[in-house]
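The structure appears right after this line, and notes come after that.
Because the structure is a prediction, the values reported are computed rather than measured. Labels below follow one simple rule: chain letters A, B, ... track the order of the sequence lines, proteins then strands, and each chain is numbered from 1.
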2 protein chains.
Amino acid sequence: MPPSSPDVPGSTEASRSASLADVAALAGVSAGTVSRALSRPDMLSEATRTRVLAAAERLGYVANGAARALAMRRSFTVGAIVPRFGRSSFPTMVQALEATLAAAGYTLLLSAPERARGHDPALLRALLERGVDAVALLGADQPPAVFAALAAHRRPFVLLWAEHSAQGPCVGFDEADAGAQLVAHLASLGHRRIGILSGSTVDNERAQRRLRGLTAAVARHGLQLHPEAVVETETGFAPGFAAMQTLLARRTPVTAVVCANDYLAAGALSALDQAGIAVPAQMSVASFNDNDFAAFLHPPLTTVRLPIQEIGEQAGRLLLASLRGDAPPANPLLPATLVVRASTGPAPG
Amino acid sequence: MPPSSPDVPGSTEASRSASLADVAALAGVSAGTVSRALSRPDMLSEATRTRVLAAAERLGYVANGAARALAMRRSFTVGAIVPRFGRSSFPTMVQALEATLAAAGYTLLLSAPERARGHDPALLRALLERGVDAVALLGADQPPAVFAALAAHRRPFVLLWAEHSAQGPCVGFDEADAGAQLVAHLASLGHRRIGILSGSTVDNERAQRRLRGLTAAVARHGLQLHPEAVVETETGFAPGFAAMQTLLARRTPVTAVVCANDYLAAGALSALDQAGIAVPAQMSVASFNDNDFAAFLHPPLTTVRLPIQEIGEQAGRLLLASLRGDAPPANPLLPATLVVRASTGPAPG
DNA sequence: TTGTAGGCGTTATCAA
DNA sequence: TTGATAACGCCTACAA
């Protein structure tokens with residue numbers, strides 16, 4: 001990519017990088033021809049094509065995307081708004097998204113606001129100003145203004161990790177089914193009294209859905225779910241630790257606990273360990289598995305594994321389809337897989 | 001941001017989004033004036049300014065970044081090349097970087113190649129074509145072509161998580177000191193025979209540095225480090241698990257193990273647990289702490305905490321300084337903090 | 001304080 | 001197959 005000799009012999013001034021015109025001059029053709037040589041090589045004669053390409057190579061020519069975007073009215077750039085980046089499974093998703101897009105010549109413009117700025121309309125505006133051709137949004141709980149702006153600017157978009165949305169296409173997990181698998185497993189082992197450690201549902205549509213799916217399954221199986229047995233908390237190890245302590249302190253009798261994600265599970269298991277409660281002998285623990293590290297927590301636990309990467313890939317494909325003008329396919333709903341690592345019924349008594 | 005009514009009454013055609021000229025027409029001024037109203041409001045009279053701003057608001061005007069970039073020769077965009085995204089502390093760093101840049105009006109263009117594409121020159125080229133004003137590179141082990149291209153295009157850049165580089169400014173941790181703190185701690189407890197679980201050093205300059213710092217400290221303290229007691233492996237829970245099993249299988253006598261990161265530590269602790277080896281009673285474990293979850297692993301372990309976020313922030317500030325034209329400050333070297341959670345000497349015998 | 005006009009580097013249309 | 005030439009939408013002297 002860099003010219004073998006950064007400066008062209010003859011042009012002493014090492015000023016700005018080479019433009020189409022420079023290449024054209026060196027190759028002895030017009031700028032238009034150079035443009036074609038680069039984008040539609042088959043339109044040129046063999047001779048000129050090689051001559052132009054050589055000149056471009058020699059000058060270390062790199063196209064000016066701004067000029068191209070201005071002329072073509074598209075930037076080959078996709079924006080993504082992804083809150084709560086660190087300490088979550090989002091990065092895995094984003095990498096998959098980026099890889100899928102990159103393979104098609106698109107680059108990702110990332111907006112990774114911390115929680116407070118999560119719904120700031122300025123985020124999307126910044127992306128729009130950069131001329132993104134499409135946008136990936138995490139979660140379905142976006143303010144209406146976002147969709148309005150997207151529509152006003154005719155930008156295709158996709159919601160990641162969202163099951164349904166009246167607003168547009170989305171790709172998500174079948175979380176209700178995932179929760180049902182977890183609960184069914186516990187029920188089959190004979191557990192009747194369940195506890196739940198949920199992620200904070202305020203302003204978090206995914207956590208809400210996860211909790212709803214769980215409670216619905218509990219009801220279907222006729223299990224007991226005491227209101228006191230549901231603890232809602234921030235996601236993280238420490239919060240999970242504290243939440244489990246809270247649950248224990250309430251002394252609500254439960255024989256199994258379902259954690260809404262593996263961060264909470266990790267913390268909860270630590271708390272149980274510290275309290276001297278054996279898992280799964282005295283207490284069963286099951287968990288959603290977003291980050292795939294739950295498998296290595298100390299006591300074996302049962303999880304439903306969500307295919308995080310695939311969300312990113314599917315979202316990428318969907319976006320590319322929209323950009324190509326294809327009709328968007330039906331919203332994919334990715335299945336979760338139950339992984340059983342400990343099978344124990346409730347402790348007697 | 002979206003216009004209250006997406007379409008302007010009168011202009012039935014809901015074609016492309018509004019341009020400067022459209023706003024100018026609606027406000028009854030020239031395009032130049034609109035441009036000024038948006039970028040240098042203090043140059044206008046109170047009256048026209050409000051009139052123009054109202055018109056812009058009414059049309060839901062969003063600047064065309066491509067045109068702006070073309071005219072200004074800068075895009076207010078920074079590229080980042082960040083390999084191995086998932087399952088690492090990079091996302092935390094990137095979020096901090098993004099936040100710092102966003103506060104100054106810059107947006108991040110992300111390139112998150114999987115390992116194979118990690119050093120593909122096309123990555124940087126794609127960024128350059130998008131017109132990034134500067135570039136953030138993860139790690140110092142970049143191919144020379146990268147620096148050549150950066151220089152040829154006069155793009156400021158910064159190396160993240162790199163201590164020194166002849167190529168340019170970088171911000172990193174004092175890893176040697178971090179390793180020294182760990183080893184000194186173990187030595188002070190009376191450990192003499194140490195084992196090391198290292199991340200793979202092939203093609204990974206950070207892992208290399210970490211291992212070097214460790215072995216140097218071991219030598220300084222006169223401890224024993226049998227070649228067989230150093231196991232090098234991929235980073236991750238499962239690899240850590242396997243690596244510890246390997247170490248145990250070799251039967252090299254060690255009383256303490258240092259893990260090069262907390263993924264490895266987590267896996268190693270699981271392996272020790274499964275092997276029925278008590279930590280720290282029978283075996284002490286110490287670890288670098290990149291991801292801040294080691295604290296919640298089952299047995300308490302001693303760690304050195306590396307300020308990951310700060311790397312991102314510092315890098316952002318450095319980049320902004322370069323973009324401003326300021327002389328870059330000296331390469332910051334962030335200190336690590338020892339966190340002692342278990343203090344036990346070697347098991348007798 | 002405001003308008004005018006040239007230029008930024010590509011792409012695309014239309015002739016040649 | 002190639003060369004002019006006109007957009008693309010914005011910024012910024014320079015002039016008024």
Side-chain angles (χ1 to χ4, degrees), chain A residues 15-53 55-56 59-77 105 125 128-133 153-154, chain B residues 15-53 55-56 59-77 105 126 128-133 153-154:
Chain A
S15 60
R16 68 192 190 296
S17 10
S19 75
L20 260 197
D22 298 328
V23 178
L26 182 57
V29 296
S30 76
T33 302
V34 177
S35 174
R36 283 183 285 253
L38 265 22
S39 47
R40 270 184 296 291
D42 44 309
M43 283 183 66
L44 297 242
S45 76
E46 170 71 30
T48 42
R49 188 194 325 147
T50 50
R51 193 151 39 93
V52 171
L53 261 25
L59 293 178
Y61 171 73
V62 170
N64 179 324
R68 167 178 294 168
L70 189 56
M72 296 183 68
R73 298 160 158 288
R74 45 191 310 196
S75 62
F76 296 95
T77 264
R125 190 198 176 90
L128 254 17
E129 282 198 346
R130 261 66 175 188
V132 294
D133 295 332
H153 291 273
R154 301 210 155 54
Chain B
S15 59
R16 70 191 190 297
S17 11
S19 75
L20 260 197
D22 298 329
V23 178
L26 181 59
V29 297
S30 75
T33 301
V34 178
S35 174
R36 285 184 281 255
L38 266 21
S39 47
R40 271 184 296 292
D42 44 308
M43 283 183 66
L44 298 240
S45 76
E46 170 72 29
T48 43
R49 188 195 324 148
T50 52
R51 193 151 39 91
V52 170
L53 261 26
L59 294 176
Y61 172 72
V62 170
N64 180 325
R68 167 179 294 168
L70 189 55
M72 295 182 71
R73 297 160 157 288
R74 45 191 311 194
S75 62
F76 297 95
T77 264
L128 253 18
E129 280 198 347
R130 261 65 175 189
V132 294
D133 296 332
H153 291 273
R154 303 211 155 51

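Contact record, B/Glu129 with A/Val62: CG-CG1, 3.3 Å, taken as the closest heavy-atom pair. In plain terms, the two heavy atoms of B/Leu59 and B/Ala18 that are nearest each other are CB-CB, 3.9 Å. Across A/His153 and A/Leu128, no two heavy atoms sit closer than the pair CD2-CD2, 3.9 Å. Here the closest heavy-atom approach between residue A/Leu20 and residue A/Ala31 is recorded as CD1-O, 3.9 Å.
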Which protein N or O atoms sit under 3.5 Å from an N or O of nucleotides 13-16 of chain D?
none

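No side-chain heavy atom of A/Val52 sits under 4.5 Å from any side-chain heavy atom of A/Leu26.
Protein atom CE of A/Met43 is 13 Å distant from nucleotide atom P of C/dT11, rounded to whole Å. Computed from coordinates, the B/Leu44 CG to C/dG3 C1' distance equals 12 Å when rounded to whole Å. Protein atom CG of A/Leu20 is 19 Å distant from nucleotide atom P of D/dC8, rounded to whole Å. Protein atom CG of B/Asp42 is 12 Å distant from nucleotide atom C1' of C/dT1, rounded to whole Å. Look at CG on A/Leu38: it is 13 Å from P on C/dA12, rounded to the nearest Å. Put simply, CD on B/Glu129 is 13 Å from C1' on C/dG9, counting in whole angstrom units. Here C/dT11 presents its P atom at 9 Å from CZ of A/Phe76, a figure rounded to the nearest Å.
Within 4.0 Å of B/Thr48, counting heavy atoms only, lie sugar-phosphate atoms of the nucleic acid but no base atom. Within 4.0 Å of B/Arg40, counting heavy atoms only, lie sugar-phosphate atoms of the nucleic acid but no base atom.
Panel note: side chain B/Ser39, backbone B/Ser35; a donor-acceptor pair is recorded below 3.5 Å.
To the nearest 0.5 Å, the span separating CG on B/Leu70 from OG on B/Ser75 amounts to 11.5 Å. A distance of 9.5 Å separates OG1 in B/Thr33 from CE in B/Met43, rounded to the nearest 0.5 Å. A distance of 10.0 Å separates CZ of B/Arg36 from OG1 of B/Thr48, quoted to the nearest 0.5 Å.
The B/Ser45 side chain lies nearest to C/dT2 when the options are C/dT2, D/dG3, C/dG9. Of the candidate nucleotides C/dT2, D/dC10, C/dT4, C/dT4 has the atom lying nearest to any side-chain atom of B/Ser30.
Proximity of B/Tyr61 to the phosphate of D/dG9: no side-chain N or O atom is located under 4.0 Å from OP1 or OP2.
A rotation axis mapping the C1' atoms of four pairs onto the next four is fitted at both ends of the helix from C/dT1-D/dA16 to C/dA16-D/dT1 over five pairs, and the angle between these axes is 30° to 10 degrees.
A heavy-atom distance below 4.0 Å to DNA chain C is reached by these residues of residues 64-73 of chain A, ordered by number: A/Asn64, A/Ala67, A/Arg68, A/Ala71, A/Met72.
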